[in-house]
Every structure is written in structure tokens, then in C-alpha cells.
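Data block below; observations after.
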Amino acid sequence: MSTATLAFFMIAFLAVFWMRMCKMGTLLAFLITGLLAGQHVFGLFELSGAWNFLGDLGIMFLWFSMGLQINMKRLWQLRKTIFGLGASQVLMVAIMLFPFLVGVTDWTLISTVMIALVLAMSSTSEDLQILIDKNQLQTSMGHQTFSILLFQDLLSIPLLAMLPVMAGKSINLGASAIDIAVMSLGLILGVIVVSKFIINPLLRMVSKLQSNETFVLAIMVNIAIWAFVLKLMGLPPALGAFLAGMLMSETVYRHQVSALVEPYAMLFLSFFFIVLGMGLNLPFLIQNWAIVLLGVAGLVLIKFFALFIVARVRHVSGKDATLMSLILAQGGEFGLLILQTMKTNDIEAIPPEHQELLIAIIVVSIMVTPIVIMIYDWLLKSGHIFSGKNNKGITEVLKQDVPTVVICGFGRMGQIVAQMLETENISYVAIDSNVDNVIMARELGYNVIFGDSKKQSILLAAGLKVRKTRAVVIALNDEEVACDILETLHSIAPKMKVFARAHSLKTSQDLIALGAKSATPEIIESSFILGENLMSSLGLSRNKINALTESLRENNYANVKKPID
């Protein structure tokens, strides 16, 4: 290993470690790594075809991850908040930024509109992490903030579609708007049709192989195909990756895709931000440091006041409106992606030096957000702001759609358990790795998702929550898989009550030793039923029969002698 490579990984480790200590996003750490490793600081590496290739893969995966969050069912459930609060926020910020941009630049009208909308977007990764760290994601304020971020992701479709218009430097804004609206609607409708008639059957065949590697490759091929198709249409390839994510979000495999892609997505995303950092023109930015700082101050203040006004008009409390506005007041990864996409596709809608300044302004605004939140928290706790109100809880916690029971495996036993839960109106979600079972069960109205129950990410994506999900049922007949699920569950929720299915007495004893509250051996229970029927025919009373079987069941079948093999 070369000295440059060793130094690069040391820089990356220290940057990530420092960022997490400061409770900042790790993606910024990779950007700093690229900046330090680039030609303007330590000169470890120079931008080359290989680095640009890795950066392009990062762009594809970031857009794919964003598209994976756009699920039509989810959008419909949150439509009032998303298209009310979210649209109002973006529109207000863009309106307040527009005259400022017109005053300090000589851009075309459509370029100014585009950049105003891009700057209205916030950092999804950082804002969600802030909400999680502050335990606010499931509050009213967190719900509204998430809805705004979801609308911003949805808005990325028409904004990406605007790039070819910007490349042509069209000044016919009305005609361009119609073209973009028609194109966006067509793409969304295409997603619904293609996902149902092409992607679902294709993934169904792949899933039957029970191979994670094949599944991941199928996802990557899907991304590459759509990126290529959109490029042939004259649209940015990144939009193809975004649509590939939307296609996957409309299938029963969404949770499995998310779990499998997550580690690869983070890897390639890190390369994107490293390449972005290596490409920053540091001498130019240092020379224009005053402009960058003024731009950051202007962006954060304008977005804060625009967001605060919109929140208060929609009757959000002053405290919630303040925190929400501070969280969303920075630029976002979308702006970085748009500017980088413009670079890689030679779209000179704005001067290159202005692109460098905008990238720096967005990056710095993301970096200062956690610092601003820390100052806000200190002012709140010290009583300097909102001192006359109860500061213990910012907002009431919303009722979550958390399943009371999670069922792992949806064969005959899982189905019977689900029917019993439905009869008593107890919420549940079932997970099964057999795609045929999942499709048939969903057609019959069962709440089943496709995925591997052994994976922690799948269990969490299914809705399992510590202290809120009350029990897990392992309805699988594979002892090894059941043991793996138990170990995964213990890593998430050590005190979770687990009821398992067992084939034999030995399997039952093994599962109980691993922490299952109950493990019912099918062979013994079937034998009990047969024996009860026999005793009843021989004239024994029902009470005596019940007492007999209960004594044999006592202490997890301790009184049952081991079978002779």
C-alpha cells in the first residue's frame, strides 16, 4: 500500500470521527477528505477518470436512494402536509431569494428561477439525523419537517427536467413550464405502469434464487438501464437513477432493496463527496471568502424567515416553528448534485465561478446548522428564549403506525396467527422471503412484506420498535434461521417477547435457551391432540384430560421424556 493511500484513509477516519463527535453528517467528512487529499492541500491524488467514474456512481446511488423514498401510497397518506406545508415552504423561499439573485447576478430568467428553487431545498440526510438525535422525528414538528423534506425530494423530478431547458438557454418560460409539467407527469405515470408490469415480475424471478448478490446486481442493472434511457432522451442520467428508485419503491421488495443497497449506497455516496471535495477550487474560494460568508448568512437568514412565516401561518407554535426553520435553513445535497450534474454534462446555465461559489455556500451552510442548533438548545435550556413555556417537550408525540406484533415467516402457522390477530383488531406485520407467499398473501389482504427476517434493517424497516412492538412470532420451521432471528432481535430489543415455532422438543429447548419466551414443538402438540382424542374415547373426563396435558406441558415440557430416536 502506498503512503498516499495510507494517508488518505487516515484523513478519512479522522474527518469522520471529528464530524460524528460534533454530531455532523459523515458525508461532509468525506467532502473535507477530498478537499484535503486534493491537489490544493496535500496533493495525495489528482482527479482522474477512475475518480470521476466513482463520483458518477455516487451521484447515481444518491438519486436512487432519494427515489426509493418516493412511494405513491406514502405520498397519498401525507398529501395534505406534503403539498400544503412543503409546497408553501419551497415557494416562499424561492420568492424571497429570487429578487436577491436578480440583484446580484446577470443570469437568465429561467436560470435564476432554477437556482432559487435549488437553494430552497434542504439537506435531507443532515436534517433527519438532527431529528433522530433530538428524538423529535415522531413528534408533530418532526412529522411536518419530514413532510417538507419529502416534498423537496418529489420536486427534484421537474427540477432535473429543467436542466435540458437551461442548457438551451430558453427564455420562453411558459412553454418550458408546460414541457416540464408534461414530462414530469409522464415519468411518474410511467413509473407506476413499468413497476407493476415489468419490475415486479423481474424481481420475482430474481428473488426465487435466494441470492443477495444477484438481487443487488439486478438493482444496479436497473439503475444503469434507466440512466442510459434517460440520457438517450436528452435528460440527465441522474434522473434515470431517481426513476429507478421510484420504480423499486412501488414494489413489494422496497424494504429488501433498501436493506441491501444501504451499505453500497453509503460507499458510493462517500466517493461522490470525496470527488466533489477534490474538485473544489480552494484558491478561488479563499480569494472570495467574504462573498461565501455573506452568501451563507443571506441564505440561512432568508430561508429561516421564509420557513418561520409559513409555519406560523399554518398555526405551528412559535417554538416548533423556530426549531423547524433552523433545521431546514441550510442548503442541501440536491443543490450539490444539480451543480455537479451541470458540470459533468457541460450545462453552462450560470458562469463556472458562480457554480464554485454556490457549492461553497451550500457546504458551509450545512456545516453550520448543527452549531446553530446547539446554540438554540443552550438558549432554550438557559431560559433566554421561550422562558414562559414548558421546555421539557417541544411537541406532543404523534401516534405511530407501529405493529403490535411482528411475524417472521408467513406459512400456514404465520397465517393462522395473523388471522387470530386480525379477529381481535391487533396490528401486525409479517415478513417472508418467499415472494410467491408474499404476493398471494397481499392479494388476500394480509399485511406482508418481502424480506429476510434475519437482517436487522428489514426488521426495523417493517416497523419493529423497542418498547412499542409487544411481541415477535417466529413462525419458521428452520431451526438455524430461527436462531439467527433471535440473535438479531436481541441486538435490537433484548427484552422483546419472542414466541417461536419448533419442530421437535430439542429444537424447542434450544430456542428457549437462546431467549425465546415460548417455543412450541409441533410434534408434541400434535401428539397431545391425538392423545386427548384417545383418552376422551376411553371415557376420561375433560377436566382429567386437561390436567394431564397441562402437567406434561409444565415448565416448557420438562415432564415430557426425551423421544427414542
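Source: prediction; values computed, not measured.
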Check whether any side-chain heavy atom of Leu14 sits under 4.5 Å from a side-chain heavy atom of Thr33, and report yes or no.
no
Provide the closest heavy-atom pair for Gly34 versus Met278 in the form atom of the first, atom of the second, distance.
O-CG, 3.1 Å
On a heavy-atom basis, the closest approach of Phe304 and Ser325 is CD1-CB, 3.4 Å
Show your reasoning for whether side-chain contact (heavy atoms from CB on, under 4.5 Å) applies to Met121 and Leu155.
CA-CA 9 Å; Met121 311 289 262; Leu155 185 64; 4.1 Å; yes
In a check of side-chain contact (heavy atoms from CB on, under 4.5 Å) between Ile115 and each of Thr105, Ile350, Ile338, which one passes?
Ile350
Crowded around Phe284 CZ? As in, over 12 foreign heavy atoms under 6.0 Å?
yes
In this structure, are over 12 heavy atoms from other groups packed under 6.0 Å from Phe100 atom CZ?
no
Could you pull out the closest heavy-atom pair between Ile361 and Val296, with the gap in Å?
O-CG2, 3.5 Å
Using every non-hydrogen atom in the two residues, find where Ala37 and Phe8 come nearest and quote the distance to one decimal.
CB-CD1, 3.8 Å
What's the verdict on side-chain contact (heavy atoms from CB on, under 4.5 Å) for Trp51 and Phe271, showing C-alpha distance, side-chain angles and the deciding distance?
CA-CA 8 Å; Trp51 279 109; Phe271 282 123; 4.0 Å; yes
Show your reasoning for whether side-chain contact (heavy atoms from CB on, under 4.5 Å) applies to Gln152 and Gln89.
CA-CA 10 Å; Gln152 292 179 359; Gln89 173 267 329; 3.2 Å; yes
Where do Ile223 and Ala241 come nearest, in terms of heavy atoms and distance?
CG2-CB, 3.9 Å
Minimal non-hydrogen separation, Glu356 against Leu285, with atom names
O-CD2, 3.7 Å
Is a side-chain donor or acceptor of Lys303 paired with a backbone partner of Leu119 at a separation under 3.5 angstrom?
yes
